[in-house]
Asks: 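Pasting a structure below so you can have a look.
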Number of protein chains: 2
Amino acid sequence: MQRTDRAPGLRERKKAQRREALVAATHDLVRERGLDNVTVDEICAAVGVSTRTFFNYFPSKDDAVLGNSRQEIPDAASLEFVQGGPTGDLVTDIGHLLVVALDVPVLSTERLADVYDVVSREPRLLAHQMAWMEQQRVTYQELLEARRDVVPSPHDPELVALVLTGLIRAAFTRWHHAGGNGPPSAFVAEVVAECRALLAPDQAP
Amino acid sequence: MQRTDRAPGLRERKKAQRREALVAATHDLVRERGLDNVTVDEICAAVGVSTRTFFNYFPSKDDAVLGNSRQEIPDAASLEFVQGGPTGDLVTDIGHLLVVALDVPVLSTERLADVYDVVSREPRLLAHQMAWMEQQRVTYQELLEARRDVVPSPHDPELVALVLTGLIRAAFTRWHHAGGNGPPSAFVAEVVAECRALLAPDQAP
DNA sequence: TCTGACGTTGCACGTCGTGCAAGAATTCAT
DNA sequence: ATGAATTCTTGCACGACGTGCAACGTCAGA
C-alpha cells in the first residue's frame, strides 16, 4: 500500500480513464439537455458502467460535473506566506499566494472552461461550487491565522479571507470573460489593484 | 388580488403560523439529531401536516431549516443608491445600503441565531446559504450597474459586488460572535472601516 | 347560504444515493 | 503460470426526496 511511485499500473489507469469518461459524458449530456433532464442512468449508459459504479466515483451527480476538483496550495508557498510572505506586505503577499494557488493544474484548461459554463447556467451547481469555495476560504483563514502568529497583523483573518475569496472569484471571472485562454492567475494582479483603488482613496470619515 | 393592505385575514394568519411551526419543528429536530437523521415525514408528523403540504411551503428540506428567508432591499433605499447614493462616495453609500438591507426583519433575531448555528454545523446547508448569497450578489451587482449608468464610476460592478458580499458575511459573523444581540447591521461600519484599513495604506507598486 | 378561489391531502411515480453480498478483474507470491 | 488475495464492479433492495394530479375541505365575498 506504499506505492505512490513507480508504474501507474493497469488498474489505476483504467480508473482515471473511467473517471475522465464519466465527467466528459456528464458534461456533454448536461450541456445538451440541462442538468435536471439528465439522469445518472443515462450518463452511465453512455459510458457503459452500472449506476452503482457511478456513485463509487462521485458522491453525487453534481460532483461529477464539477469534476470533483480540489485546489491544493503548494506547501512551499503556504509556508513562505505563513512566515511573513515574500515581501512582508499582507496584500501583496496574498496576491502572490493566489497566483501560485491558481496555477496548480486541476483540470485541463479546456474542461475548466466547460465547468465554468455549466456552473454559471445551473444554479444548483453554483451552490456546490460556493460550498467548495467556502472550504477554500477556511483554508486561507487558517493560513492567515498562522501568519499572524508569526508576523503580528492588525487585520482580522476572517475578514481578510472573506475578501480574498472575492478576489479569487473575480480573477476567475475576468479570465473567463477574456476567453479562458492562459492561466487564470494572470488576472490576479489587476484585480488586487482595482480592489485597492476602490478602497484606498481616503474619504472623509 | 389587490389586497396588500388591510386585515391579514384568517387564511394568511394560518399560513404564516404553519410556516413558523414547520421551521421551528425542523430546527428542533435537526438540532437534536442532525440534518441527515431527520426525515421530512418526521417533521410533518411533529407539526401535524401531510408530507405533501410541507413541499407546498418549502421547495426542499434544506430551505425549511434556512427559513427560506429572502433579503429584500427597500425600494426607497435602492433607488437612492442608484441615483448617486446619500453621500456620493461609493464605499460609504454601500455601507448605508447594507445597514438598511440588514435591518429588514426576515426572521426573529433568536431564530436567526439558530439558523446560523445549524448552518455552520451542516456543510450542505452552507451550500444552500452560499447559493442564496450569490443571488444577493447578483442583486447588488445590478444595483451597482444601474448606479454607474447615473453616476460614472471607474469600478467594476462585479468586483465591487463580490467584495460587498464578503462584507455582509463578515458583518453577520461579527454579530454572531458578539452573542447575536441587536441588529447585525450594527457591525457594518466597523467591517467597512477595517476593510479600508486593509487596502488603503498605499504600498510601493 | 351559495359560489368560487385557495389550501390541503393522498396517491403514484421518478430519481437520487447507500448498504450489502456475490462475482469478475487485477495484482502478487510462489 | 497457477492459485490466493486484493480491489473493483455489479445487481438488488431499500429509504428518502420531490412533483404532478385530482379529489376534497375550507375560507372569502356576495
Side-chain angles (χ1 to χ4, degrees), chain A residues 1-23 25-26 29-30 33-66 68 122-125 127-128 131, chain B residues 1-23 25-26 29-30 32-66 68 118 122-125 127-128 131:
Chain A
M1 189 38 80
Q2 47 194 9
R3 50 153 43 263
T4 53
D5 50 348
R6 275 288 169 236
L10 193 156
R11 214 161 205 153
E12 311 237 354
R13 242 182 311 138
K14 268 199 165 179
K15 210 172 168 180
Q17 198 172 319
R18 255 211 238 270
R19 167 184 294 277
E20 176 74 17
L22 283 170
V23 174
T26 306
L29 287 172
V30 168
R33 281 192 266 158
L35 182 59
D36 289 321
N37 297 323
V38 173
T39 69
V40 174
D41 292 289
E42 288 170 320
I43 299 170
C44 296
V47 176
V49 299
S50 76
T51 309
R52 193 59 188 81
T53 298
F54 180 94
F55 290 105
N56 284 345
Y57 279 84
F58 307 99
S60 76
K61 185 168 77 170
D62 294 2
D63 285 305
V65 6
L66 293 182
N68 224 8
E122 304 279 359
R124 213 180 61 230
L125 289 183
H128 258 254
Chain B
M1 192 35 85
Q2 47 195 7
R3 50 150 46 265
T4 54
D5 48 349
R6 274 290 168 234
L10 194 155
R11 218 163 200 151
E12 311 237 355
R13 244 184 309 139
K14 265 197 166 179
K15 210 171 168 180
Q17 198 172 319
R18 256 212 237 271
R19 168 185 291 280
E20 175 76 16
L22 282 170
V23 174
T26 306
L29 287 172
V30 168
E32 181 183 334
R33 281 191 265 160
L35 181 61
D36 290 320
N37 297 323
V38 173
T39 71
V40 174
D41 293 290
E42 289 170 320
I43 299 171
C44 296
V47 176
V49 298
S50 76
T51 310
R52 194 58 188 81
T53 299
F54 180 94
F55 290 106
N56 283 344
Y57 280 84
F58 307 99
S60 76
K61 184 169 77 170
D62 294 2
D63 285 304
V65 7
L66 294 181
N68 219 12
V118 177
E122 305 278 358
R124 212 180 63 229
L125 288 184
H128 258 257

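So that the names make sense, note that chain A is the first sequence line, chain B the second, and so on, each numbered from 1. Only a predicted model underlies this, so the values are computations on that prediction, with no experimental measurement involved.
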Asks: For nucleotides 15-19 of chain C, tabulate all protein N/O to nucleotide N/O atom pairs closer than 3.5 Å, reporting atom names and distance.
Replies:
from    : atom 1 : to     : atom 2 : distance (Å)
dC16(C) : OP1    : V40(A) : N      : 3.3
dC16(C) : OP1    : K61(A) : NZ     : 3.1
dC16(C) : OP2    : V40(A) : N      : 3.2
dG17(C) : OP2    : K61(A) : N      : 2.9
dG19(C) : N7     : R52(A) : NH2    : 3.1
dG19(C) : O6     : R52(A) : NE     : 2.8

Asks: Could you please name the option among dT9(C), dT26(C), dT10(D) that lies closest to any side-chain atom of K14(A)?
Replies: dT26(C)
Asks: Taking 4.0 Å as the cut-off, does a side-chain nitrogen or oxygen of Y57(B) come that near to OP1 or OP2 on dT8(C)?
Replies: yes
Asks: Please, which pairs that meet salt bridge (Lys or Arg N to Asp or Glu O under 4.0 Å) have at least one residue in residues 38-50 of chain B, sequence neighbours excluded?
Replies: R33(B)-E42(B)
Asks: Can you pull out how bent the helix from dT1(C)-dA30(D) to dT30(C)-dA1(D) is, comparing the axes over its first five and last five pairs, to 10°?
Replies: 20°
Asks: Partners of F55(A) by ring pair (Phe, Tyr, Trp, His ring centres under 6.0 Å), sequence neighbours excluded?
Replies: none
Asks: Please name the pair of heavy atoms, one in A21(B) and one in V47(B), separated by the smallest distance, quoted to 0.1 Å.
Replies: O-CG2, 3.8 Å
Asks: For N37(B), give me all partners under side chain to side chain donor-acceptor pair (under 3.5 Å), at least two apart in sequence or on another chain.
Replies: none
Asks: Look at the side-chain N and O atoms of T53(B) and state whether any lies under 4.0 Å from the OP1 or OP2 oxygen of dT8(C).
Replies: no
Asks: Looking at L29(B), V65(B), T26(B), which hits side chain to side chain contact (heavy atoms under 4.5 Å, CB included) with L35(B)?
Replies: V65(B)
Asks: Would you say dG7(C) has OP1 or OP2 under 4.0 Å from some side-chain N or O of R18(B)?
Replies: no
Asks: Please list, chain by chain and in numerical order, all residues satisfying salt bridge (charged side-chain N to carboxylate O under 4.0 Å, His left out) with R52(B), sequence neighbours excluded.
Replies: none
